[in-house]
J.: 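Mind having a look at this structure? Questions to follow.
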Amino acid sequence: MPELPEAETIVRDLQDRVAGARVTAVRVIWEDVLAPGLSPHKLRHSLRNRQIEGVSRRGKNVVLEFEGDLRLIINLGMTGRVISSRSPRAVELQHIAVRLALADGSALLYDDARRFGCLDLRDADGWRARNAELGVEPLSADFTARRMHEITRKSTTPIRNLLLDQKRIAGIGNIYANEALFRARVRPRRRARRLTRSETRALRDALRVVLREAIAARGTTFSDYRDGEGESGAFEPKLRVYGRDGLPCTVCRTPIKRIVLTNRSAFYCPRCQR
DNA sequence: AACGCGCCCTGTCCGC
DNA sequence: TGCGGACAGGGCGCGT
């Protein structure tokens with residue numbers, strides 16, 4: 001599932017492929033990946049003949065920045081992929097939902113098997129509003145140990161659930177939430193408010209380390225994720241708890257446990273994590 | 001207000 | 001071998 005490191009990898013790939021390109025045509029194959037209120041007609045007429053000035057990221061969202069302060073915000077959901085038709089793997093795509101034709105003859109493809117992803121078009125004000133709904137960027141200087149503690153102390157929810165809340169911290173999904181909790185030696189079920197100051201600091205540090213390592217590895221391909229070139233990420237073998245239930249802990253060999261919190265799996269080492 | 005649940009969707013895996 | 005059902009989960013709407 002694409003989270004911050006996967007979105008970041010895609011953004012870096014796309015910067016090489018599409019920055020400066022001009023959209024010549026827009027084809028919407030699956031209308032249900034468009035945000036509510038965004039019609040294929042509106043998307044087509046807004047983007048046609050418009051230049052892509054840059055590609056950036058906010059949380060797990062890939063953001064295509066167009067001239068005229070217009071942004072296409074791409075949330076990849078579970079199985080979303082954004083790939084240039086020029087990349088050799090593009091021929092493998094089987095669920096193309098939206099196709100942006102570019103002036104150089106290539107195309108930017110949005111592919112999404114399950115169609116949980118979402119494309120939203122925002123002007124300057126709309127983007128400001130959307131941006132304000134998202135929490136702190138975990139790799140930014142704003143994400144201090146103090147900030148982490150302020151976030152956790154306001155909540156009674158299990159800490160794993162808090163980490164998934166994009167309104168509080170942007171970009172963390174189930175894989176990196178569990179990996180960071182393991183590295184910080186905190187159990188997923190612990191109530192956020194109950195974490196000590198040293199634990200919230202350890203968790204903040206662990207989040208930043210694991211996200212950076214995952215970016216360096218070009219993301220985790222657990223099942224469906226592909227980068228902007230259609231290639232798999234290399235972080236999966238480095239996962240220490242996610243998807244490893246029953247397998248020995250990499251530190252103490254105790255079998256990793258799987259529990260379910262609000263309908264989502266959580267993984268932890270019952271010996272290493274308190 | 002904060003929290004948790006159910007739903008959207010389809011590829012994959014398991015058991016019979 | 002084939003098929004039905006369970007499962008995976010990000011984000012959102014809704015009820016408590």
J.: Would you call A:Leu93 and A:Leu109 a side-chain contact if the rule is heavy atoms closer than 4.5 Å?
T.: yes
J.: Between C1' on B:dG4 and CG on A:Leu261, what's the gap in Å once rounded to a whole number?
T.: 11 Å
J.: In whole Å, I'd like the distance from the CD atom of A:Glu133 to the C1' atom of C:dC12.
T.: 11 Å
J.: Going through the distances and angles, do A:Asn174 and A:Arg160 end up as a side-chain hydrogen bond (donor to acceptor under 3.5 Å, both in side chains)?
T.: CA-CA 8 Å; A:Asn174 207 25; A:Arg160 199 291 312 263; 3.0 Å; yes
J.: For A:Glu199 and A:Arg190, run salt bridge (Lys or Arg N to Asp or Glu O under 4.0 Å): C-alpha distance rounded to whole Å, both residues' side-chain angles, the deciding distance at 0.1 Å, then the answer.
T.: CA-CA 11 Å; A:Glu199 283 173 332; A:Arg190 288 273 302 283; 2.7 Å; yes
J.: Counting only side-chain N and O atoms of A:Lys60, is one of them less than 4.0 Å from OP1 or OP2 of C:dG11?
T.: yes
J.: Take atom CD of A:Glu3 and atom C1' of C:dG10, then tell me their distance rounded to the nearest Å.
T.: 10 Å
J.: Salt bridge or not for A:Asp120 and A:Arg122, using N-O below 4.0 Å?
T.: yes
J.: Can you find a side chain N or O atom of A:Tyr242 that sits less than 4.0 Å from OP1 or OP2 on C:dA8?
T.: no
J.: Closest to the A:Pro158 side chain: B:dG4, B:dC3, C:dG11?
T.: B:dG4
J.: Could you pull out the protein-nucleic contacts involving nucleotides 14-16 of chain C (nitrogen or oxygen on both sides, under 3.5 Å)?
T.:
none

J.: Do the side-chain N and O atoms of A:Ser265 and A:Arg258 include a donor-acceptor pair separated by under 3.5 angstrom?
T.: yes
J.: Assess the residue pair A:Tyr110 and A:Val33 against the criterion (side-chain contact (heavy atoms from CB on, under 4.5 Å)); give the C-alpha distance rounded to whole Å, side-chain angles, the decisive distance to 0.1 Å, and a yes or no.
T.: CA-CA 10 Å; A:Tyr110 179 69; A:Val33 302; 4.3 Å; yes
J.: Is A:Thr157 close enough to B:dG4 that one of its side-chain N or O atoms is under 4.0 Å from OP1 or OP2 there?
T.: yes
J.: Specify the separation, in whole Å, of atom CG of A:Leu164 and atom P of B:dC3.
T.: 13 Å
J.: For B:dG4, take OP1 and OP2 only and decide whether either is under 4.0 Å from a side-chain N or O of A:Asn161.
T.: yes
J.: Nearest-Å distance, CG (A:Leu34) to C1' (C:dG11)?
T.: 16 Å
J.: Report the residue (A:Met78 or A:Lys167) whose heavy-atom-nearest nucleotide on DNA chain C is the more 5′ of the two.
T.: A:Met78
J.: From CG of A:Asp165 over to P of C:dG10, roughly how many Å is that when rounded to an integer?
T.: 13 Å
J.: Honestly curious: do A:Met78 and A:Leu164 fall in one hydrophobic cluster under the side-chain, below-4.5 Å linking rule?
T.: no
J.: Could you tell me the separation between the CG atom of A:Asp120 and the C1' atom of C:dC12, rounded to a whole number of Å?
T.: 13 Å
J.: Measuring to OP1 and OP2 of B:dC3, would you say a side-chain N or O of A:Thr262 lies under 4.0 angstrom away?
T.: no
J.: For nucleotides 6-11 of chain B, give me one character per nucleotide, 5' to 3': B if any protein heavy atom sits under 4.0 Å from the base, S if the only such contacts are to the sugar-phosphate, - if neither.
T.: S-BBBS
J.: Any carboxylate oxygen within less than 4.0 angstrom of a Lys/Arg side-chain nitrogen, looking at A:Glu137 and A:Arg58?
T.: yes
J.: If you look at every strand shown and take non-hydrogen atoms under 4.0 Å, does A:Thr79 touch a base, only sugar-phosphate, or nothing?
T.: nothing
J.: Tell me whether the rings of A:Phe235 and A:Tyr176 are parallel (<30°), tilted (30 to 60°) or perpendicular (>60°).
T.: tilted
J.: Answer with base, sugar-phosphate or nothing: what part of the nucleic acid does A:Arg193 contact at a heavy-atom distance below 4.0 Å?
T.: nothing
J.: Can you check the A:Arg58 CZ to C:dG10 C1' distance for me, whole Å?
T.: 17 Å
J.: Is any side-chain nitrogen or oxygen of A:Gln166 closer than 4.0 Å to OP1 or OP2 of C:dG11?
T.: yes
J.: At 4.0 Å (heavy atoms only), tell me whether A:Asp112 reaches a base, stays on the sugar-phosphate, or touches nothing.
T.: nothing
J.: Please work out if A:Arg258 contacts a base, only the sugar-phosphate, or nothing of the nucleic acid, heavy-atom cut-off 4.0 Å.
T.: sugar-phosphate
J.: If you measure from the Lys or Arg side-chain nitrogens to the Asp or Glu carboxylate oxygens, is any gap between A:Asp205 and A:Arg208 under 4.0 Å?
T.: no
